[in-house]
Amino acid sequence: MKQKITIKTIAKELGVSTSTVSKALKDSHEISNETKKKIQAYANLYNYKPNHLALQLRNQKTKVIGVILPKIVHHFFSTVIMGIEEGANKKGYNIMVCFSNESYKKEVETLKVLSNGSVDGIIMSVASETLENKDFNHFKELVSEEIPFVLFDRVVDEILCDKVVVDDVGAGFKATKHLLENGRKKIALITTPNHVNVGALRRQGYEKALIEEYIKTDKSLIVEIDETKDIKKQIEKVFEQDIDAVFAVNEIYAANSMRIAKEKDLSIPNDISIIGFTDGLISEYSSPSITTIAQHGFTMGQQAVEVLIERIEKESEVYKPKKIVISSDLKLRESTKPSS
């Protein structure tokens with residue numbers, strides 16, 4: 001009795017991708033005749049049968065879009081949800097929001113549930129643990145099964161799908177350049193671990209701005225935050241040095257920096273300037289209010305859902321993924337000003 005095989009089994013045995021197997025079994029013109037014959041012969045030999053129930057579920061339109069976020073604590077993600085919901089409702093879709101809580105396992109499980117026919121397409125920002133593990137097989141399966149999905153903010157470059165991102169390098173550059181133009185020289189960077197690509201890109205912008213002013217990057221002024229530990233204590237270490245400015249890659253880090261500065265009786269912005277990222281309520285209502293980089297999360301959500309619905313409703317033969325880059329703005333407030 002021959003073993004029951006799947007697309008994954010065929011791909012592994014023949015040394016090709018699951019996407020290639022899927023296309024070959026559908027007799028796609030994108031696959032060479034030689035490869036198609038080899039895959040189809042193997043599938044016939046082992047009596048491969050597609051999972052018709054799963055296919056049927058996926059082919060039935062639910063008019064629901066799944067959204068997977070790493071967490072909800074940041075103002076940015078809440079504005080993205082608002083943008084997605086407004087764009088979806090205009091097109092007659094509803095949204096189902098789930099959270100990975102930065103967990104690779106939770107992300108994989110949630111994707112598995114949603115991709116079984118619960119939704120017509122998926123919008124997601126990748127969990128920190130997934131980026132750290134560099135295990136993206138669950139995304140590759142979505143591609144091979146031709147399930148429409150869009151990655152936003154935290155994305156994986158090698159995955160063939162639509163992406164919506166902020167110009168993070170440009171944003172990091174703008175923030176640092178503003179501090180330099182205000183006469184600041186010892187600028188601390190409070191960022192994420194380097195595997196979180198948005199933080200890494202903002203760091204590139206920070207370093208680029210320093211290079212333009214012939215200032216060598218001082219690694220002792222860069223703090224990579226481990227969010228499983230006390231954030232404030234980690235930021236406090238950089239305040240032991242003679243810094244005159246802080247660029248924080250989100251408003252939680254910026255608010256913590258401001259609190260520490262006040263505890264040390266530093267005048268903001270006279271003794272130290274602070275710039276955050278994400279224009280949320282914390283930045284607006286802090287005292288003093290925090291200069292910030294506005295990411296336009298609402299616009300990002302609108303763009304993500306627009307490109308996803310286009311993919312759902314317009315099934316073109318040749319798949320050409322889009323990458324939409326949204327520029328950011330510097331919103332000046334009380335926490336920065338030119339040195340007198």
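Fair warning: this is a prediction, and the values are worked out from it, not measured in the lab.
Looking at K23 and I39, their side chains never come closer than 4.5 Å, going by heavy atoms from C-beta outward. At least one side-chain heavy atom of E141 sits less than 4.5 Å from a side-chain heavy atom of K8. Counting heavy atoms from C-beta on, the side chains of N194 and R203 come closer than 4.5 Å. Residues L142 and S115 are in side-chain contact: their nearest non-hydrogen atoms beyond the backbone lie under 4.5 Å apart. With contacts defined as side-chain heavy-atom distances shorter than 4.5 Å, the pair L131/V156 qualifies. Between V155 and N197, the closest side-chain pair of non-hydrogen atoms falls below 4.5 Å. Counting only heavy atoms from C-beta outward, the side chains of Y206 and I187 approach each other to under 4.5 Å. Looking at heavy atoms from C-beta onward, H296 lies in side-chain contact with D329 at the 4.5 angstrom threshold.
Formation of a donor-acceptor pair under 3.5 Å by the E129 side chain with backbone atoms of S103 is not found in this model. In terms of modelled atom types and a separation under 3.5 Å, the side chain of D162 and the main chain of V150 share no donor-acceptor contact. The main-chain N or O of S128 is found under 3.5 Å from a side-chain atom of E102 such that the two form a donor-acceptor pair. Looking at N250, its side chain does come within 3.5 Å of a backbone N or O of I252 through a donor-acceptor pair. In terms of modelled atom types and a separation under 3.5 Å, the side chain of S283 and the main chain of D279 share no donor-acceptor contact. Checked by atom type and distance alone, the side chain of T336 never pairs as donor or acceptor with a backbone atom of I275 at under 3.5 Å. With D244 contributing its side chain and K186 its backbone, the two residues share a donor-acceptor pair below 3.5 Å. No donor-acceptor distance shorter than 3.5 angstrom exists from the side chain of E213 to the backbone of L180, with no hydrogens or angles considered. A donor-acceptor contact shorter than 3.5 Å links the side chain of S335 to the backbone of I274. Although no hydrogens or angles enter the test, the distance criterion places a donor-acceptor pair under 3.5 Å between the side chain of K163 and the main chain of I159.
Classified by interplanar angle (parallel below 30°, tilted 30° to 60°, perpendicular above 60°), the ring pair F152/F77 is perpendicular. Between Y42 and Y46, the two ring planes are tilted [angle within 30° to 60°].
Checked against I65 for a side chain to side chain contact (heavy atoms under 4.5 Å, CB included), the options V119, I123, V97 give a single hit: I123. With Y104 as reference, D135 is the one residue of D135, T130, N133 to meet the side chain to side chain donor-acceptor pair (under 3.5 Å) rule.
The pair E263-R259 meets the salt-bridge criterion, with a side-chain N (NZ, NE, NH1 or NH2) lying under 4.0 Å from an Asp/Glu carboxylate O.
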For this session: Could you please spell out the steps behind the side-chain contact (heavy atoms from CB on, under 4.5 Å) verdict for V113 and E109?
Result: CA-CA 6 Å; V113 171; E109 288 172 351; 5.8 Å; no
For this session: Kindly determine whether K90 and E86 satisfy side-chain contact (heavy atoms from CB on, under 4.5 Å), including the steps that lead there.
Result: CA-CA 6 Å; K90 281 181 180 177; E86 182 177 285; 3.6 Å; yes
Exercise. Step by step, would you call E34 with K38 a salt bridge (charged side-chain N to carboxylate O under 4.0 Å, His left out)?
Worked result: CA-CA 6 Å; E34 184 184 349; K38 183 169 70 172; over 6 Å; no
Exercise. When you look at L69 and M124, which way does the side-chain contact (heavy atoms from CB on, under 4.5 Å) test go after all the steps?
Worked result: CA-CA 6 Å; L69 303 175; M124 68 177 297; over 6 Å; no
